[in-house]
Amino acid sequence: MREAFRGGDQRVDPDLLLARLDAVRRFLAAADGRLPDAQLVPAHTLVERAGTRLALSRDHTLVALAGATGSGKSSLFNALARLELSPVGVRRPTTGVAHACVWGPPEDAGRLLDWVGVLPRHRFVRESALDADDEAALRGLVLLDLPDFDSVQRSHRLEVDRLLGLVDQVVWVVDPQKYADRVIHTSYLREFHRHRDVTLVVLNQADRLPPAELPRVLADLRRLLDADGLEGVPLLTTTATRPDGITELRAALERTVAERQAALRRLAGDVDTVVAGLDELVGTTRPAGPDDTTADELTRALAGTAGVPAVTEAVEQAYRHRAVASTGWPLVRGWRRLRPDPLRRLHLPGPGGDSAQPAESLVAATSVPDPTAAQRSALGLAIRAVADRAGSELPAGWPTAVTDAARSRLADLPDALDRAVAGTDLGLNHRPLWWRLVGAVQWLVTLTALAGLGWLVLGYALRALGLPELDTPRVGEVPLPTLLLLGGLLAGLLVAALTRPVVRWAAARARRRAEQRLLTAVSAVGDEYVLAPVRGVLTSYDEARDALRDAARH
């Protein structure tokens with residue numbers, strides 16, 4: 001995102017600032033749980049701090065005097081207040097805690113000072129009835145004298161860092177001896193380059209420099225500030241020992257108080273800083289997501305894990321088993337039915353259409369063989385391929401979120417695949433019409449053979465009993481009973497022989513149809529348990545990118 005600089009005369013639209021903060025909140029809503037928490041801490045801190053600051057007094061401007069040991073900021077603080085409020089001494093560091101001076105009624109600024117953590121005993125009220133309107137121009141100013149940022153006590157430095165993150169404006173106080181100190185430039189001033197419009201720099205103790213040296217020192221300090229990215233930041237000179245030595249600084253503070261813009265400008269700069277830090281987490285294009293090739297590879301891997309090959313083979317065997325049982329010779333059908341149905345062995349729908357049972361009620365419903373190590377490995381590689389393809393174009397952080405999402409429901413896949421297989425209609429719930437027709441023909445030729453056999457048995461019985469023989473018609477030289485018996489047997493065998501290749505072809509067709517249905521069911525599982533979580537991350541990425549783009553607008 002491009003950095004924008006608002007000059008001191010450019011006003012910040014509160015509604016636009018609120019919209020930008022809301023965009024940061026939307027970014028966090030999309031990125032939380034997707035990106036490492038450490039990368040989102042500044043954004044969370046901004047949202048919390050901005051909400052609190054805007055809810056507090058908008059009529060007060062919180063300004064901090066920050067400086068190194070010996071810079072004279074406490075003397076400057078007292079000079080601005082025209083009272084001895086903050087301790088000044090020879091021993092350094094002198095300022096160990098922040099002191100506050102409030103211009104105006106203290107009650108209105110109390111909540112603001114509670115928020116920044118200034119203790120009541122370190123708060124002072126500057127304006128009183130004796131001042132008349134002398135201090136009216138600063139009414140609403142809350143001036144803080146911070147501890148020394150280069151203090152030998154670490155607690156002082158931590159307090160400075162905390163308060164610098166809360167105040168509306170910072171006045172950096174440097175002195176002629178240490179204005180070029182590396183610490184203030186690298187650790188502080190350079191970090192405020194996006195807060196140029198709420199930053200002032202004063203060269204204090206200017207009276208210690210010979211008149212001829214002052215322009216040279218100011219020019220050198222301006223060069224350092226420009227190198228820190230603080231071009232255009234006001235650079236003033238002050239002398240706390242003379243009443244007229246703080247005229248320019250006081251006038252600058254009066255303008256800041258009158259504008260009532262410092263808090264908004266500070267928060268706008270904070271948004272710029274946070275957005276710049278988050279910019280590397282989003283790109284400029286929408287990710288393509290999983291393609292058809294990786295989705296197909298995932299489906300095949302899931303099919304192997306779910307035992308689809310074993311199920312489709314059982315479907316083909318079951319079709320043959322049931323077809324022969326329905327179209328075979330009736331005399332051996334009973335023997336065929338004694339053999340177990342191949343689908344029954346897998347606890348899959350057998351004759352009668354058990355698959356009407358809802359898939360959701362089937363838990364570990366099948367006896368499909370467990371996947372082999374190779375099949376589990378293939379599934380892992382397929383899921384990895386989906387994640388790699390979906391996250392290949394994403395910035396750092398998001399590919400890991402995509403991979404985690406793709407594997408987030410891996411433990412639930414076996415049961416889901418088992419339910420999908422158990423709930424799939426394999427197409428064997430109904431007997432085809434041609435089975436019935438062939439079965440009827442088989443019964444007809446079988447009854448014919450039985451009629452011929454019965455006729456022959458009756459003839460033999462009559463002869464054995466010495467009774468008159470039946471008048472047996474002949475067809476050519478062959479008696480009709482013999483013809484019926486042999487013809488029925490041969491016809492049954494012929495029908496069975498002619499039906500066998502048809503059964504094989506139909507069984508293969510049933511296997512392909514079942515495989516397609518199983519692949520559809522398995523694909524739905526892959527979509528729900530692997531692809532949908534991945535798409536969820538990509539949707540979150542799109543939302544985060546759009547939100548960050550909105551947050552960067554001015």
Side-chain angles (χ1 to χ4, degrees), residues 5-12 60-68 71-81 86 95 98 100-101 103 137-138 140-146 148-149 160 163-176 178-181 184-185 187-206 214 217-240 244-270 272-273:
F5 170 63
R6 290 166 296 278
D9 295 331
Q10 182 176 347
R11 298 187 65 83
V12 175
H60 288 83
T61 302
L62 194 59
V63 179
L65 297 177
S71 63
K73 57 183 174 55
S74 295
S75 298
L76 200 58
F77 178 81
N78 293 335
L80 288 168
S86 188
T95 307
C101 183
W103 276 259
L138 291 180
L141 173 65
V142 180
L143 186 64
L144 300 183
D145 180 20
L146 303 188
D148 303 327
F149 64 75
V160 170
L163 290 170
L164 287 177
L166 300 177
V167 298
D168 302 331
Q169 187 174 43
V170 182
V171 178
W172 295 97
V173 182
V174 298
D175 63 89
K178 295 194 296 184
Y179 72 88
D181 184 72
I184 188 173
H185 288 279
S187 300
Y188 290 97
L189 288 173
R190 195 165 297 171
E191 297 299 319
F192 269 72
H193 69 278
R194 290 188 177 86
H195 296 87
R196 294 189 289 265
D197 47 352
V198 289
T199 300
L200 278 78
V201 179
V202 299
L203 178 65
N204 195 26
Q205 304 171 359
L214 181 58
V217 172
L218 288 174
D220 190 44
L221 179 54
R222 169 55 66 189
R223 177 185 62 80
L224 294 174
L225 294 176
D226 291 346
D228 293 333
L230 297 176
E231 305 91 342
V233 167
L235 173 58
L236 310 176
T237 59
T238 57
T239 301
D244 61 345
I246 59 170
T247 303
E248 287 185 309
L249 176 58
R250 186 179 179 88
L253 293 177
E254 289 176 355
R255 287 193 299 270
T256 297
V257 171
E259 289 176 348
R260 298 289 192 269
Q261 279 279 301
L264 300 180
R265 288 171 180 164
R266 171 59 196 263
L267 292 176
D270 289 342
D272 290 340
T273 302

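Quick caveat: nothing in here was measured; it's all calculated off a predicted structure. Side-chain atoms are counted along with the backbone in the values below, which use heavy atoms only and exclude waters and symmetry mates.
A79 and A240 make their closest contact through CB-O, 4.1 Å (heavy atoms, listed as atom of the first residue, atom of the second, distance). Heavy-atom minimum distance, T61 versus V257: OG1-CA, 4.2 Å. Of all heavy-atom pairs between I184 and D181, the closest is CG2-O, 3.1 Å. W172 approaches L164 most closely through the heavy-atom pair CH2-CD1, 3.7 Å. Closest approach of R265 to E259, counting heavy atoms only: NH1-OE1, 2.9 Å. For the residue pair A206 and T239, the shortest heavy atom distance occurs at N-OG1, 3.9 Å.
H185 contributes a side-chain N or O that, together with a main-chain N or O of Y179, makes up a donor-acceptor pair within less than 3.5 Å. A distance-only check finds a donor-acceptor pair linking the side chain of K73 to the backbone of L146 [under 3.5 Å]. One N or O on the side chain of R196 and one on the backbone of G229 form a donor-acceptor pair closer than 3.5 Å. Formation of a donor-acceptor pair under 3.5 Å by the D175 side chain with backbone atoms of Q205 is not found in this model. In this structure a side-chain-to-backbone donor-acceptor pair under 3.5 Å is present from H195 to D270. Between the side chain of D272 and the backbone N or O of R194, no donor-acceptor pair lies under 3.5 Å.
Proximity of V173 to S71: side-chain heavy atoms (C-beta onward) are separated by under 4.5 Å at one or more points. Contact annotation: the side chain of V233 never approaches that of F192 to less than 4.5 Å [non-hydrogen atoms, C-beta and beyond]. In this structure, L203 and L214 have side chains that are in contact, with non-hydrogen atoms separated by less than 4.5 Å.
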Q. Are L143 and W103 close enough, and set up right, to give a side chain to side chain contact (heavy atoms under 4.5 Å, CB included), and what steps lead you there?
A. CA-CA 8 Å; L143 186 64; W103 276 259; 3.8 Å; yes
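For the atom pair OG1 of T199 and CG of L235, the computed distance is 12.5 Å after rounding to the nearest 0.5 Å. Separating the CD atom in E231 from the CZ atom in R222 is a distance of 8.5 Å, to the nearest 0.5 Å. The distance from the CG atom of L225 to the CZ atom of R190 is 11.0 Å, given to the nearest 0.5 Å. Here L62 contributes atom CG and R266 contributes atom CZ; the two are 9.5 Å apart, rounded to the nearest 0.5 Å. With values rounded to the nearest 0.5 angstrom, L230 atom CG is found 11.0 Å from L200 atom CG. Interatomic distance, I246 CD1 to L236 CG, rounded to the nearest 0.5 Å: 12.0 Å.
Below 30°, between 30° and 60°, or above 60°: for F149 and Y188 the angle between ring planes is between 30° and 60°, a tilted geometry.
A salt bridge between D220 and R223 is present, with a side-chain N of the basic residue lying under 4.0 Å from a carboxylate O of the acidic one.
In this structure D168 satisfies the side-chain hydrogen bond (donor to acceptor under 3.5 Å, both in side chains) test together with R53, sequence neighbours excluded.
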Validation: residues 248-255 side-chain donor-acceptor distances under 3.5 Å, sequence neighbours left out:
from : atom 1 : to   : atom 2 : distance (Å)
R250 : NH1    : L80  : O      : 3.4
R250 : NH2    : E135 : OE1    : 2.7
R250 : NH2    : E135 : OE2    : 3.4

